[in-house]
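As the structure is a prediction and not an experimental result, all values here were calculated from the model. As the structure lists them, so they are numbered: ligands from 1, and atoms in each ligand from 1.
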Amino acid sequence: MATNDDLFKNLISHCKEYGFIFPSSEIYDGLSAVYDYGQYGSELKKNIREYWWKAMVQMHENIVGIDAAIFMHPTTWKASGHVDAFNDPLIDNKDSKKRYRADVLIEDHIAKIEAKIEKEVTKARDRFGDAFDENQFRSTNPRVVENQKKIDAINDQFRIGMEASDMAAIRQLILDLEIVCPVSGTRNWTDVRQFNLMFSTQMGSVSEDASTLYLRPETAQGIFVNFLNVQKTGRMKIPFGIAQTGKAFRNEIVARQFIFRMREFEQMEMQFFVKPGTEMEWYHYWKEARLKWHRALGFPAGKYRFHDHIKLAHYANAAADIEFEFPFGFKELEGIHSRTDFDLKSHESFSGKKLQYFDPELNESYVPYVVETSVGLDRMFLAVMSQAYTEEKLEDGSERVVLNLPAFLAPVKVAVLPLVKKDGLPEKARELIDQLKFDYLCQYDEKDSIGKRYRRQDAIGTPFCVTIDHQTIEDQTVTVRHRDTMVQERIAISKVRELVESKVSFRNVLTA
Ligand code: ATP
């Protein structure tokens with residue numbers, strides 16, 4: 001059986017081979033952590049974005065969408081704290097010359113201890129069966145308790161070091177934990193340095209009057225600076241949300257794992273403005289609502305978990321991630337943050353403009369609190385792809401690679417295949433496509449055997465293949481072949497649209 005590592009490698013090759021994702025500027029050997037989406041990738045990505053947009057904007061009367069520019073006034077990033085605090089602590093191993101994020105080295109070390117705890121718990125669950133009380137076991141088993149104490153102590157030391165920006169303490173923690181470089185296996189570490197993740201560029205043609213701009217590292221600030229514009233022109237009443245999707249840029253130190261960590265990526269963010277004091281209620285509400293959105297895709301529940309933050313960003317009073325089990329383990333997919341009034345207050349003080357809401361019920365003005373949901377579109381793409389990609393052994397001993405994509409996300413919805421290239425079958429096939437193409441992306445394919453054509457559609461995740469044969473000309477019926485089950489059924493050509501619609505409609509997931 002293929003290991004997760006093999007599967008992940010195969011998935012990456014599949015993405016390239018079938019036109020989903022290419023390395024950026026590949027003819028020049030690519031650009032690290034930057035990728036281009038191909039003909040099918042861009043469709044899938046668009047469909048995921050649309051799923052998010054419909055779920056957030058179309059399904060909520062009190063959420064509206066905007067599309068702010070990537071360039072923003074440079075003071076924005078002073079106010080947001082990114083100029084001073086958007087840093088990652090980095091450390092180099094002198095032997096391997098490899099660079100790491102110090103926080104990631106420590107988190108990986110903690111994950112190893114967590115794995116030991118989970119092993120004990122699984123063993124005990126198997127031993128005690130139904131009588132197993134997990135909470136009691138976790139709080140009393142000496143080995144589990146001791147390991148949990150270790151984790152808590154590391155987290156404490158890490159948090160204190162980061163809060164004080166004490167990079168020497170962070171380095172010392174790495175030394176004390178005897179963390180070795182995964183490549184060289186040594187503990188020959190440099191100092192830890194803070195590294196700002198924003199990309200900068202110049203605006204203006206003459207260098208003297210050029211000013212330094214940043215490529216936005218998150219889309220959220222475009223929402224904050226437009227808070228009053230939208231509230232006033234849209235006559236929005238609190239609580240309300242502003243949603244946006246768009247590119248963000250981060251000069252990530254360690255970019256790896258394909259499109260999981262990119263230097264140019266896309267975010268889908270929503271800022272929900274609430275009355276101060278109600279933020280915790282909304283924070284819990286959005287945590288659940290967002291998990292439900294992910295779960296509506298139909299992937300197993302065990303693929304998701306919450307991770308509550310202990311180290312909070314400079315703006316947050318509560319934060320959690322929705323983690324997904326990628327082929328390389330559970331990692332952050334989405335963040336839900338209670339951002340308090342930090343951003344709006346800070347923009348008020350840097351701009352000198354009031355960013356307040358007049359509450360007609362209270363008859364007073366206040367700066368709203370904000371709960372944010374922020375998910376990476378590319379990470380979502382990777383989650384969907386890694387769940388959908390399946391190498392299957394069939395009953396007859398042959399193999400197929402199929403993308404079991406949720407049908408509404410599939411790039412191509414219907415492939416229409418004339419059995420032979422003559423006898424009017426191609427024309428009949430085109431006729432069907434001409435009816436369907438207004439609603440769905442369809443594909444016409446007449447090359448090779450039907451079996452080969454099915455495989456090609458399986459590989460890009462097309463939910464329906466419709467075969468036009470001689471009988472079609474006689475009685476207006478076609479064979480529809482379903483991707484996942486490979487079951488074929490004969491239906492009237494006039495029923496094809498209805499069948500497709502019943503499976504690919506966004507309605508199925510939005511009401512889930
Ligand atoms: P991480 O800890 O993985 O660096 P983060 O906590 O900095 O992520 P946020 O600032 O909360 O991430 O960004 C919100 C979302 O944007 C993340 O949950 C993720 O899906 C996405 N995202 C962030 N950085 C990247 C990146 N470099 N490449 C792709 N997606 C990203």
Would you check whether [X] reaches within less than 4.0 Å of ligand 1, judged by its heavy atoms?
{"X": "Glu372", "result": "no"}
{"X": "His337", "result": "yes"}
{"X": "Leu333", "result": "yes"}

Test of ring centre spacing under 6.0 Å for Tyr214 and Phe199: no

Validation row, ring centre Tyr51 to ring centre Trp293 under 6.0 Å: yes

Going by the order shown, which atoms of ligand 1 are within less than 4.0 Å of some heavy atom of [X]?
{"X": "Glu334", "result": "18 (O)"}
{"X": "Ser374", "result": "13 (O), 14 (C), 15 (C), 18 (O)"}
{"X": "Arg101", "result": "4 (O)"}

Working for side-chain hydrogen bond (donor to acceptor under 3.5 Å, both in side chains), residues Gln172 and Asp176: CA-CA 6 Å; Gln172 194 54 48; Asp176 293 345; 3.0 Å; yes

Per atom 28 (N) of ligand 1, closest listed option by heavy atom (Glu107, Glu264, Arg379, Met262): Met262

Identity of the nearest option to atom 21 (C) of ligand 1, non-hydrogen atoms only, from Gly376, Ala316, Ala248: Gly376

Can you pull out the closest protein heavy atom to [atom]? Residue, atom name and distance to 0.1 Å, please.
{"atom": "atom 22 (N) of ligand 1", "result": "Phe265 CE1, 3.5 Å"}
{"atom": "atom 16 (O) of ligand 1", "result": "Gln267 NE2, 3.3 Å"}
{"atom": "atom 18 (O) of ligand 1", "result": "Glu332 OE2, 2.6 Å"}
{"atom": "atom 23 (C) of ligand 1", "result": "Arg250 NH1, 3.5 Å"}
{"atom": "atom 29 (C) of ligand 1", "result": "Phe260 O, 3.3 Å"}
{"atom": "atom 4 (O) of ligand 1", "result": "Arg261 NH1, 2.8 Å"}

Donor-acceptor contacts under 3.5 Å from residues 259-273 side chains, at least two apart:
from   : atom 1 : to     : atom 2 : distance (Å)
Arg263 : NE     : Glu252 : O      : 3.1
Arg263 : NH1    : Ser32  : O      : 3.3
Arg263 : NH1    : Ser32  : OG     : 3.0
Arg263 : NH2    : Glu252 : O      : 2.8
Glu264 : OE2    : Lys247 : NZ     : 2.6
Glu266 : OE1    : Lys45  : NZ     : 3.4
Glu266 : OE1    : Arg49  : NH2    : 3.2
Glu266 : OE2    : Arg49  : NE     : 2.7
Glu266 : OE2    : Arg49  : NH2    : 3.2
Gln267 : OE1    : Thr219 : N      : 3.1
Glu269 : OE1    : Thr219 : N      : 3.1
Glu269 : OE1    : Thr219 : OG1    : 2.5
Glu269 : OE1    : Ala220 : N      : 2.7
Glu269 : OE2    : Ser374 : OG     : 2.7
Gln271 : NE2    : Glu372 : OE2    : 2.8

side-chain hydrogen bond (donor to acceptor under 3.5 Å, both in side chains) between Tyr37 and Gln39, intermediate numbers included: CA-CA 7 Å; Tyr37 286 82; Gln39 64 276 26; over 6 Å; no

Candidate list Phe299, Phe330, Phe324, test ring-ring contact (aromatic ring centres under 6.0 Å, His included), partner Tyr304, passing option: Phe324

Test ring-ring contact (aromatic ring centres under 6.0 Å, His included) applied to Tyr35 and Phe22, Phe258, Phe381, the passing residue: Phe258

Contact check: Glu252 vs ligand 1, nitrogen or oxygen atoms, below 3.5 angstrom: yes

Aromatic ring pairing Trp286/His60, orientation class (parallel under 30°, perpendicular over 60°, tilted between): tilted

N/O donor-acceptor pairs under 3.5 Å from side chains in residues 343-350, not counting sequence neighbours:
from   : atom 1 : to     : atom 2 : distance (Å)
Asp343 : OD1    : Gln221 : NE2    : 3.2
Asp343 : OD1    : Arg339 : NH2    : 3.2
Asp343 : OD2    : Arg339 : NE     : 3.0
Lys345 : NZ     : Asp341 : OD2    : 2.7
Ser346 : OG     : Ala79  : O      : 2.6
His347 : NE2    : Gln221 : OE1    : 2.8
Glu348 : OE2    : Leu355 : N      : 2.7
Glu348 : OE2    : Gln356 : NE2    : 3.3
Ser349 : OG     : Ser346 : O      : 3.3

Pair Asp156 + Arg159, salt bridge at N-O below 4.0 Å: yes

